[in-house]
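Read through the structure below, which is laid out as structure tokens, and then see the notes.
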Amino acid sequence: MLLREVRLDDVESYVRMLCDPVMMAELGGPLPRDRVEETVRRHVRENRSGAALACLIVSEGDPMTVAGTVSAAERELDGEQLAEIGWAVLPEFQGRGLATGAVRLLLARLRAERPWPSVHAFPGIANVPSNAVCRSTGFTLLGQREIEYAGRLLPANHWRFDLVAPGDAGGGSAQRMTRAH
């Protein structure tokens, strides 16, 4: 498995994830197709500016085979700036540990490349697999809250992962592809 930063030609992969009722069931249902191109453009723009790190999960043997997405971006929540991570794995690739592996890879990149002290995740309360990813990758459960996603209020668990360990100065060099070991 590799992580590859999102490119402008990744629209069809995003359509498969964002417009599919099964993929989007925990996030209030599919998004309208006409919003996907702008989402991809925004992710590419935010990657370039450093405000986000949006990646596709791709096959090491065939980087054109997209299994899902994992990303982290700055957002405002209750007047506070924080970094949020999210992921999605296409149904035919689920159950293989790809989400857990992709989250671990992205957390390592964030630790090396971003000045963020922590990153937060907000999986739906009933989203057992995503909550398990948080638990198995070392996130701390802070409680439950409502979050907004695509104009929808959703009940979620609030998880935090500390990127900066005590005495850790952080920093590092950027990479365009990250490989799972």
Side-chain angles (χ1 to χ4, degrees), residues 1-20 23-24 26-27 31 35-75 82-123 127 129-134 136-139 147 149-150 159-164 170-181:
M1 167 187 58
L2 299 171
L3 298 185
R4 175 182 57 76
E5 289 188 20
V6 173
R7 302 183 306 228
L8 291 174
D9 63 349
D10 288 325
V11 171
E12 287 311 309
S13 294
Y14 267 60
V15 167
R16 287 195 61 214
M17 290 179 271
L18 298 177
C19 299
D20 181 272
M23 288 289 300
M24 297 298 290
E26 295 289 338
L27 294 170
L31 298 182
R35 291 177 50 188
V36 175
E37 287 87 357
E38 176 50 36
T39 299
V40 171
R41 283 192 299 271
R42 179 173 44 83
H43 286 181
V44 169
R45 208 172 37 246
E46 289 175 344
N47 277 352
R48 289 179 182 154
S49 74
L53 185 52
C55 298
L56 293 180
I57 304 166
V58 299
S59 167
E60 192 167 346
D62 177 12
M64 297 307 292
T65 300
V66 174
T69 184
V70 61
S71 62
E74 296 173 1
R75 78 174 283 182
L82 54 81
E84 178 182 6
I85 189 170
W87 54 88
V89 174
L90 289 163
E92 64 267 30
F93 296 99
Q94 292 176 4
R96 301 181 192 180
L98 293 177
T100 300
V103 168
R104 284 187 176 129
L105 287 173
L106 193 65
L107 290 171
R109 279 196 62 185
L110 294 174
R111 180 173 273 149
E113 299 174 14
R114 297 294 192 266
W116 302 333
S118 61
V119 63
H120 300 255
F122 300 96
N127 189 334
S130 286
N131 282 288
V133 168
C134 289
S136 69
T137 54
F139 280 75
I147 58 143
Y149 177 81
W159 296 85
R160 185 188 72 231
F161 183 90
D162 293 324
L163 292 170
V164 179
S173 61
Q175 294 177 322
R176 293 289 181 202
M177 284 235 177
T178 305
R179 181 181 322 268
H181 300 298

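Residue indices begin at 1 and follow the sequence shown. None of the values given here were measured: they were computed from a predicted structure.
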Is the closest side-chain heavy-atom distance between [X] and [Y] below 4.5 Å?
X: Leu53; Y: Arg114; result: yes
X: Val133; Y: Phe139; result: no
X: Val36; Y: Leu31; result: no
X: Glu46; Y: Ser71; result: no
X: Thr69; Y: Tyr14; result: yes
X: Met17; Y: Leu90; result: yes
X: Met64; Y: Arg4; result: no
X: Met24; Y: Leu18; result: yes

Under the side chain to side chain contact (heavy atoms under 4.5 Å, CB included) test against Val103, which residue among Thr100, Leu107, Leu106 passes?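 Running side chain to side chain contact (heavy atoms under 4.5 Å, CB included) over Thr100, Leu107, Leu106 with Val103 returns exactly one hit, Leu107.
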
Please name the pair of heavy atoms, one in [X] and one in [Y], separated by the smallest distance, quoted to 0.1 Å.
X: Leu110; Y: Ala72; result: CD1-CB, 3.7 Å
X: Met1; Y: Gly101; result: CE-C, 3.4 Å
X: Ala83; Y: Trp116; result: CB-CE3, 3.3 Å

So, taking the atom named [atom1] in [X] and the one named [atom2] in [Y], what distance separates them when rounded to the nearest 0.5 Å?
X: Thr137; Y: Ile85; atom1: OG1; atom2: CD1; value: 7.5 Å
X: Asn47; Y: Cys55; atom1: CG; atom2: SG; value: 6.5 Å
X: Ser13; Y: Ile57; atom1: OG; atom2: CD1; value: 11.5 Å
X: Ser130; Y: Phe122; atom1: OG; atom2: CZ; value: 13.5 Å
X: Phe93; Y: Ser59; atom1: CZ; atom2: OG; value: 7.5 Å
X: Cys19; Y: Glu12; atom1: SG; atom2: CD; value: 9.0 Å

By the definition side chain to side chain donor-acceptor pair (under 3.5 Å), identify the one residue from Glu38, His43, Glu37 that meets it with Arg41.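 When Glu38, His43, Glu37 are each tested with Arg41, the side chain to side chain donor-acceptor pair (under 3.5 Å) holds only for Glu38.
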
Is it true that a side-chain atom of Asp20 and a backbone atom of Arg16 form a donor plus acceptor pair closer than 3.5 Å?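 Looks like no, no N/O pair under 3.5 Å.
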
Under 3.5 Å, is there a donor-acceptor pair between the side chain of Arg7 and the main chain of Val40?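 No: the side chain of Arg7 does not pair with the backbone of Val40.
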
Under the side-chain contact (heavy atoms from CB on, under 4.5 Å) criterion, do Glu74 and Leu82 qualify, and how do the steps go? CA-CA 6 Å; Glu74 296 173 1; Leu82 54 81; over 6 Å; no

Show, in sequence, the C-alpha distance, side-chain angles and deciding distance for Trp87 and Leu98, and conclude whether the side-chain contact (heavy atoms from CB on, under 4.5 Å) test is met. CA-CA 10 Å; Trp87 54 88; Leu98 293 177; over 6 Å; no

Checking side-chain contact (heavy atoms from CB on, under 4.5 Å) for the pair Glu26/Tyr149: CA distance, chi angles, key distance, verdict? CA-CA 11 Å; Glu26 295 289 338; Tyr149 177 81; over 6 Å; no

